[in-house]
Number of protein chains: 2
Amino acid sequence: MSNKRAGVIKALAHPSRLLIAESLMNGELCVCDLKDLVGADMSTVSKHLTLMREAGVLNCEKRGLNIYYTLACDCLGEFLRCVDKLATGGTKTKRCC
Amino acid sequence: MSNKRAGVIKALAHPSRLLIAESLMNGELCVCDLKDLVGADMSTVSKHLTLMREAGVLNCEKRGLNIYYTLACDCLGEFLRCVDKLATGGTKTKRCC
DNA sequence: ACATTAATTGGTCATTTAGCCAAATAGTTT
DNA sequence: AAACTATTTGGCTAAATGACCAATTAATGT
């Protein structure tokens with residue numbers, strides 16, 4: 001269904017969550033790493049991570065005291081390639097009417 | 001900046017907007033076509049379209065009484081390929097703690 | 001000029017989202 | 001078992017979002 005798809009996209013449609021996803025392209029990170037990276041309250045980051053996990057974008061694994069998050073799919077690069085093309089595509093903000 | 005990127009993603013992170021984007025992969029459509037497709041008030045659809053255009057995802061062109069919208073980039077297929085992989089990727093909703 | 005059609009804009013309202021803080025949970029170390 | 005560290009959960013509030021309706025703008029046809 002299109003709702004699950006939209007949920008996946010929504011899970012990446014936030015500056016902090018996008019930053020998290022990009023950082024995880026280089027390998028797993030635990031919540032406190034991501035908290036430092038994002039610069040928000042740990043509880044806020046944790047909620048972002050839960051959202052992303054529930055959407056199917058992230059997986060997690062607990063080892064010791066830490067919980068390590070990873071990307072659920074290695075296709076994020078191609079996803080971002082398209083996003084960047086759109087984001088940098090000229091000043092298309094022109095209206096036509 | 002990461003905010004522009006997130007804006008692009010956000011422009012696709014809604015079931016109606018995703019449907020609009022997918023429909024436009026087959027070529028331009030005017031607002032009333034899209035209104036029928038989405039099944040919402042025309043003003044609602046118009047606002048979705050404005051949002052998508054301002055994010056850089058769509059372009060528009062007025063001809064006669066109609067305004068035709070098109071995708072700003074043909075990369076949407078590869079974008080969706082990744083989204084679908086994530087959206088259908090097993091029951092990864094498992095938690096780890 | 002007037003009516004008609006396509007689309008956008010402004011207003012309002014209910015819902016969702018994002019952030020912080022405080023409290024709870026779970027594993028570790030002593 | 002008590003203190004410590006990492007993470008999640010619950011509660012709250014402010015801001016953003018999405019939907020509809022009514023009013024406006026713009027192009028066309030009469």
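Letters A, B, ... are given to chains in the order of the sequence lines, protein chains preceding strands, and every chain is numbered from 1. Keep in mind that what you see is a predicted model, and the values were worked out from it rather than measured.
Taking atom CG on A/Leu51 and atom P on C/dT16, their separation rounds to 14 Å, with Å as the unit. Rounded to whole Å, atom P of D/dA19 lies 12 Å from atom CG of B/Leu49. One interatomic measurement links the two molecules: CD of B/Glu54 to P of D/dA16, which rounds to 15 Å at whole-angstrom precision. For the pair B/Asn3 CG and D/dA16 P, the computed distance is 13 Å after rounding to whole Å. Separating the NZ atom of B/Lys62 from the P atom of C/dA6 is a distance of 12 Å, rounded to the nearest angstrom. Note: CD (B/Glu61) to P (D/dA27) measures 14 Å, nearest angstrom. Residue A/Ile9 contributes atom CD1, which lies 18 Å from atom C1' of C/dT17 at whole-angstrom precision.
Among C/dA7, D/dG18, C/dA18, the nucleotide with an atom closest to any side-chain atom of B/Arg17 is D/dG18. Distance from the side chain of A/Met42 is smallest to D/dT7 among D/dT7, D/dA22, C/dA6. Residue B/Ile67 places its side chain closer to C/dA7 than to any other of D/dC20, C/dA7, C/dA26. Of the candidates D/dC21, C/dA6, D/dT8, D/dC21 carries the atom nearest the B/Asp41 side chain, counting heavy atoms from C-beta on. Here the nucleotide nearest the side chain of A/His48, chosen from D/dT9, C/dA18, D/dA19, is C/dA18. Comparing D/dC20, D/dT28, C/dG27 by their closest approach to the side chain of A/Leu65 singles out C/dG27.
Here B/Tyr68 does not reach the OP1 or OP2 of C/dA7: none of its side-chain N or O atoms lies under 4.0 Å away. The side chain of A/Thr44 places no N or O atom within less than 4.0 Å of a non-bridging phosphate oxygen (OP1 or OP2) of C/dG19. Residue B/His14 has no polar side-chain atom (N or O) positioned under 4.0 Å from OP1 or OP2 of C/dT16. Residue B/Arg95 places none of its side-chain N or O atoms closer than 4.0 Å to OP1 or OP2 of D/dT8. Of the side-chain N and O atoms in B/Asn66, none sit less than 4.0 angstrom from OP1 or OP2 of C/dT5.
Among the heavy atoms of the strands lying under 4.0 Å from A/Lys47 is at least one base atom, whether or not backbone atoms are also near. If you check every strand for non-hydrogen atoms under 4.0 Å, B/Arg63 touches nothing.
Atom CG of residue B/Leu58 and atom SG of residue B/Cys73 lie 11.5 Å apart, to the nearest 0.5 angstrom. Of the inter-residue distances, the one linking B/Glu78 atom CD with A/Leu80 atom CG reads 10.5 Å to the nearest 0.5 angstrom.
For A/Lys10 and D/dG18, a side-chain-to-base donor-acceptor distance below 3.5 Å is absent, hydrogens and geometry of angles not being considered.
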Check the pair B/Arg63, B/Glu28 against salt bridge (Lys or Arg N to Asp or Glu O under 4.0 Å), reporting the backbone distance first and the verdict last.
-> CA-CA 12 Å; B/Arg63 290 202 304 277; B/Glu28 65 176 19; 2.6 Å; yes
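Of all the residues in residues 27-36 of chain B, B/Cys30, B/Val31, B/Cys32 reach under 4.0 Å from DNA chain C with at least one non-hydrogen atom.
Of the two cysteines examined, A/Cys82 and B/Cys75, the SG atoms meet the criterion of being under 2.5 Å apart.
B/Leu19 and B/Ile9 fall within a single hydrophobic cluster, where Ile, Leu, Val, Met, Phe, Trp and Tyr are joined by side-chain heavy atoms under 4.5 Å apart, directly or via other members.
A/Lys4 places a side-chain N or O within 3.5 Å of a backbone atom of B/Ala87 that can act as its donor or acceptor partner.
Nearest heavy-atom pair, B/Cys60 versus B/Arg53, reported as atom, atom and distance to 0.1 Å: SG-CD, 3.4 Å.
No side-chain heavy atom of A/Leu29 sits under 4.5 Å from any side-chain heavy atom of A/Tyr68.
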